[in-house]
Enquirer: 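One structure, as structure tokens, below. Some questions next.
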2 protein chains.
Amino acid sequence: MHIVLHPEPTAARPTAARCAQCAFRALCLPENLSDSEVVRLEQIIGRRRRVLRDDVLFRMGEQSGMLYAVRFGHFKSVQTDRRGDQHITGFQMAGELLGIDSIGTGQHASTAIALEDSEVCEIPYAKLQELLVQIPRLMAHFHRIMGREILREQAVMIFLGNMRAEQRLASFLLNLSERYAMRGYSSRSFQLRMSREDIGGYLGLTIECISRQLARFRQNGWITLNKRSVELTDREALVALAAGLQPALDERQQRAA
Amino acid sequence: MHIVLHPEPTAARPTAARCAQCAFRALCLPENLSDSEVVRLEQIIGRRRRVLRDDVLFRMGEQSGMLYAVRFGHFKSVQTDRRGDQHITGFQMAGELLGIDSIGTGQHASTAIALEDSEVCEIPYAKLQELLVQIPRLMAHFHRIMGREILREQAVMIFLGNMRAEQRLASFLLNLSERYAMRGYSSRSFQLRMSREDIGGYLGLTIECISRQLARFRQNGWITLNKRSVELTDREALVALAAGLQPALDERQQRAA
DNA sequence: CGATCGATTGAGGGAACTCAACCCCTGTGG
DNA sequence: CCACAGGGGTTGAGTTCCCTCAATCGATCG
């Protein structure tokens, strides 16, 4: 829990949404939306909310009709099973939506936790629905977003189901890389915002396994690594690795080669 | 490939959709739809299509604006990765939707194969969209269906990520059981429509592992099993097993107890 | 300067995979 | 009618990859 020494600025002064100027507009909205349509969308969007690092945006099981668009920062989505074990169902970054998994049931299926100080836009699902009816293009776009989420989860299912640790990790790094590229950041080097433990929780591996695999990647020259900053020095190799075409060498094999 | 000796009846005589009388209407449609609204839905639904066992309804990568509602029968959804390995992303039964994963991209992300002789209703997504705008309740229902799919995949992610073979299999059997119960069939005994290999492909396990686990379940008295017909003789135990609270006993432990 | 958290590294064990043989059932053709 | 092939399933033996347990390290923070 954080102690807030200064008054929370957005709580005191609820700023209006400004999709029009938002840097990540292209990620949230369809391209061909008229100015007036964007204004109507802005009108239904609630206040912006700051979420400090490690703070909970919403909690699994909470009744909620709210979706959240990440303005900046990073989040993890966590599910807790009956035995109390935690599983990470996804990482969200700027321009991505949080809380889609509440649409079927009205209650959040996961807990959203900020990985760093972040900001989100509140989107009341009920009002969004009304708007979707008025702006069919927006509805189609919303469906695309949900469809993408389904595809993302299918991809995760596949690597959890039949990929080895090194393939999972390579896929994960490449996925982050692509998402940063789409946001105009470097696809070659970036910071991991999540702990090794979170990565393990997402990939279905232990923290030790993540650590070892990263070490192997570094020894093989696929990546350079310093704490949480990664550089993909041999993307080709990672791609081949992710596809399962080229196994990584361990120490003995390296010495032999 | 099947040789069709008699003309395909629905191809020759495209029967009109009849959602109103459909036994699984409650699964496809929201409850509070007026008769006229149901009629409008029926009008956009294309012909019914029969799909024979082992036949392909649609193929991964195909461009398509079509969704399919299963009228009767069972399907599996299969993805093939770059290395050529196949992974089962789901099993669909009467009242469930096929092809949702094409909504984001317009092309099917998986191949749908009939596990037995089956029948589906064609639903053109473009026309459905128009209707969703006119019938907001139907739109909300459609979103619920997509939301459910997201939740289902999350559940699969979790058991692929951190459950042992016995937990995955117990979860799988219980899930089938619940779905048959919702359809008015017995939740206690039913036929597995898919091969052991397909189950393995879905659960991220090998066929041998499935076979051994089923044998253990039977030895422990949780189920009775005859070829593909299963009876859940101790549901409590399976539930505890799925939750990871109670490990199954192997032969040695059984003798000791 | 300890305390703590995240991360790394090592040793050992176990669950699931691989490889292989075998069984059962069905269909097919001589 | 039998022989035989083939697919789906079961069972056994050996191996491997990852997990578990444990010690250590570095960085950060009070």
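Every chain is numbered from 1 and lettered A, B, ... according to where its sequence line falls, protein lines coming before strand lines.
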Enquirer: Taking the ring of A:Tyr185 and the ring of A:Phe190, is the distance between their centroids below 6.0 Å?
Expert: no
Enquirer: Would you compute the distance between atom CE of A:Met163 and atom CZ of B:Arg83 and round it to the nearest 0.5 angstrom?
Expert: 8.0 Å
Enquirer: For A:Arg228 and C:dT8, give me the distance from atom CZ to atom P, rounded to whole Å.
Expert: 10 Å
Enquirer: Generate the contact string for nucleotides 21-30 of chain D. Rules: B means base contact, S means sugar-phosphate contact only, - means no protein heavy atom under 4.0 Å.
Expert: BB----S---
Enquirer: Are A:Phe58 and A:Tyr68 an aromatic pair by the rule of ring centers under 6.0 Å?
Expert: yes
Enquirer: Could you tell me the separation between the CD atom of A:Glu197 and the C1' atom of C:dC5, rounded to a whole number of Å?
Expert: 10 Å
Enquirer: Would you mind reading off the distance between B:Leu169 atom CG and D:dG9 atom P, rounded to a whole angstrom?
Expert: 13 Å
Enquirer: Starting from C1' on C:dA20, measure out to CD1 on B:Ile207 and report it in whole angstrom.
Expert: 14 Å
Enquirer: To the nearest Å, give me how far apart CZ (B:Arg196) and C1' (C:dC25) are.
Expert: 14 Å
Enquirer: Working to the nearest 0.5 angstrom, can you tell me the gap between A:Arg53 CZ and A:Asp117 CG?
Expert: 8.5 Å
Enquirer: Using atom names, set out every protein N or O paired with an N or O of nucleotides 14-16 of chain C below 3.5 Å, distance rounded to 0.1 Å.
Expert:
| from | atom 1 | to | atom 2 | distance (Å) |
| --- | --- | --- | --- | --- |
| C:dA16 | OP1 | B:Ala165 | N | 2.6 |

Enquirer: Taking only the side-chain heavy atoms of B:Ala215 (C-beta and beyond), determine which of D:dG9, D:dT11, C:dT8 contains the nearest atom.
Expert: D:dT11
Enquirer: Measure the distance from CG on B:Leu192 to P on D:dG9 and round it to the nearest whole Å.
Expert: 9 Å
Enquirer: Ignoring hydrogens, what is the shortest heavy-atom contact between A:Ala109 and B:Leu151? Give both atom names and the distance.
Expert: CB-CD2, 3.4 Å
Enquirer: How long is the span from the OG1 atom in A:Thr80 to the NE2 atom in A:His87, to the nearest 0.5 Å?
Expert: 11.5 Å
Enquirer: Would B:Glu119 and B:Arg50 count as a salt bridge (charged side-chain N to carboxylate O under 4.0 Å, His left out) here? Give the steps.
Expert: CA-CA 4 Å; B:Glu119 195 170 287; B:Arg50 278 194 160 274; 3.7 Å; yes
Enquirer: Tell me, please, which residues at least two apart from A:Arg148 pass side chain to side chain contact (heavy atoms under 4.5 Å, CB included).
Expert: A:Ile145
Enquirer: C:dT8 C1' sits how many Å from A:Ile210 CD1, rounded?
Expert: 13 Å
Enquirer: What is the distance from CG of B:Leu203 to C1' of C:dC17, rounded to the nearest Å?
Expert: 15 Å
Enquirer: Measure the CD1-CG distance between B:Ile113 and B:Leu98 for me, rounded to the nearest 0.5 Å.
Expert: 11.5 Å
